[in-house]
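Note sheet for the following structure.
All chains are named by letter (A, B, ...) in the order of the sequence lines, taking the proteins before the strands, and each is independently numbered beginning at 1.
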Amino acid sequence: MQPITTRLLLWYDSHHRTLPWRISPRERLAGITADPYRIWLSEIMLQQTTVEAVKSYFRVFIEKWPTVVDLAAASQDDVLRAWAGLGYYSRARNLKKCADIICAEYGGHFPSDLASLKSLPGIGDYTAAAIASIAFDLPMAVVDGNVERVITRLYALATPLPLAKPEIRSRMQALTPDERSGDFAQAMMDLGATICTPRRPACVICPLNDNCQALKTTDPEFFPVKAPKKEKPVRVGAAFVAISNDELYLRSRAETGLLGGMAEVPTTSWTARLDGETELDAAPFPANWVATGNITHVFTHFELRLKIYKAHDVEKDIVAGGWWVKVDKLGGEALPTVMKKAIAAAVPDAFARRRN
DNA sequence: AACGCGTGGAA
DNA sequence: TTTCCAAGCGT
């Protein structure tokens, strides 16, 4: 076995992180096996999402739906409500689809081979390898952002991403042991998350500092090399918060695309320029709309500035297509963060924490 | 291949 | 304040 592999596994035995979905090396040695459902659920949640953000969501999901059968029995709306705030909502829609398929076509058991895993919605190269490796201990190369960083530094790979991906995968496969492949994958990710960090890596205490070409020849912080990113355009629009007594008007967004299937307050379309004079023409229904503030929200690929209008004493009869919710029950809705911001601008105490 | 797709925390 | 970016996937 390569020295890098054994060194990293030894480091992992004493320095691994303890996480709600994880089996420790000691437990694994005692014959405890990982639950593929928990590994899958955590991996989906962790896609482009920090460990800290995932922890509480993972606990809630496991509490509500302890098995994949329980999750399949839930409605998509239940799942979206529980996912609200975590972002990338197609993950939640695919999560539900995948649970349905596992129950209908796989007897409630996750497959262990890469091809079957990759055919499931929401499972790509990384997640398929992670499940095969961590849940089934198969020696698959698990390559995420952490591994890309560690490998490009270990071998001083100057090829920019994503062009370097094949080489990184091949290097990772060569390092992956036949035994403890799941622990090795998690060790690489823990190293990337705690030692081999994007900025100011802690090379002095790194178990692989003797093996690191970047550290020997230049500055590890130069790796990985990435293609330059584009500027974020600004889009603008208006949102309409309608109030009737203690209730607020919501509706559903389209099933696909941005914030697909989530709840919203009505808005104008989001365009590059503010068409100021005709904003109110886009109001969902006639009412005494009063401008009440502005919010800004940054998405992955654009920045959104919304002017918030508010109307009280709206006639509920004239409104069709959505539903009314008591303001103090908004926490139970599938509201993405941008919509919570819009509502909070019109109803400042809408999401305020209740006293005692 | 390049783009659409959220959010909140760190520096 | 701004910038970066965190266990990527689908098209």
Side-chain angles (χ1 to χ4, degrees), chain A residues 16-17 19-22 38-58 80 83-95 97-98 117-135 140-150 160-166 169 172 182 184-194 196-201 221 224 226-233 235 253-262 264 270 296-304 334-341:
Chain A
H16 64 84
R17 289 180 290 177
L19 300 170
W21 46 86
R22 182 178 274 184
R38 289 171 152 258
I39 300 303
W40 164 70
L41 177 60
S42 67
E43 290 301 341
I44 302 297
M45 287 182 165
L46 286 162
Q47 288 166 7
Q48 297 290 287
T49 308
T50 57
V51 165
E52 279 312 307
V54 165
K55 282 180 179 171
S56 61
Y57 282 86
F58 178 80
L80 286 180
W83 197 277
L86 200 52
Y88 285 134
Y89 298 99
S90 68
R91 292 185 297 172
R93 301 193 298 272
N94 284 333
L95 189 81
K97 281 185 204 164
C98 184
L117 285 166
K118 273 196 67 174
S119 75
L120 294 163
I123 298 181
D125 285 328
Y126 162 75
T127 305
I131 294 172
S133 176
I134 298 170
M140 303 304 168
V142 177
V143 181
D144 73 330
N146 289 305
V147 173
E148 287 176 348
R149 190 166 56 253
V150 173
L161 286 171
L163 197 61
K165 279 173 182 283
R169 172 171 307 281
M172 181 61 177
F184 180 75
Q186 294 177 94
M188 285 288 279
M189 295 191 278
D190 278 15
L191 188 76
T194 62
C196 196
T197 49
R199 280 170 291 188
R200 309 239 355 208
E221 204 166 323
K226 291 185 178 178
K229 53 198 58 163
K230 297 177 178 174
E231 249 179 74
K232 261 177 210 189
R235 296 188 200 171
R253 292 178 60 82
E255 271 302 302
T256 57
L258 184 68
L259 309 177
M262 301 293 285
E264 67 169 6
W270 304 343
T296 295
H297 187 77
V298 181
F299 291 98
T300 311
H301 52 300
F302 66 92
E303 175 182 324
L304 177 64
L335 285 167
T337 298
V338 61
M339 293 302 161
K340 290 187 178 176
K341 283 188 192 173

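- Ring geometry for A:His297 versus A:Phe299: interplanar angle over 60°, hence perpendicular rather than tilted (30 to 60°).
- Using a 4.0 Å heavy-atom distance criterion, A:Ser42 is classed as making no nucleic acid contact.
- In this entry the distance linking NZ of A:Lys118 with C1' of C:dG10 reads 11 Å, nearest Å.
- Using a 4.0 Å cut-off, some side-chain N or O of A:His301 falls inside it from OP1 or OP2 of B:dC5.
- Residue A:Thr300 places a side-chain atom within donor-acceptor reach of the base of B:dG6, judged by atom type and a 3.5 Å distance cut-off alone.
- For C:dG8, the base has no donor-acceptor partner in the side chain of A:Thr49 [N/O atoms by modelled type, under 3.5 angstrom].
- Whole-Å rounding puts the A:Leu304 CG to B:dC5 C1' distance at 14 Å.
- Taking atom CG of residue A:Leu258 and atom P of nucleotide B:dG4, one finds them 11 Å apart after rounding to whole Å.
- Between A:His297 and B:dG6 there is no side-chain polar atom (N or O) within less than 4.0 angstrom of OP1 or OP2.
- Spacing between B:dA11 and C:dA7 at atom P, rounded to whole Å, works out to 14 Å.
- At a cut-off of 3.5 angstrom, counting only N and O atoms as typed in the model, there is a donor on one side and an acceptor on the other between the side-chain of A:Arg17 and the base of C:dA7.
- A close approach under 4.0 Å does not occur between any side-chain nitrogen or oxygen of A:Lys341 and OP1 or OP2 of B:dT7.
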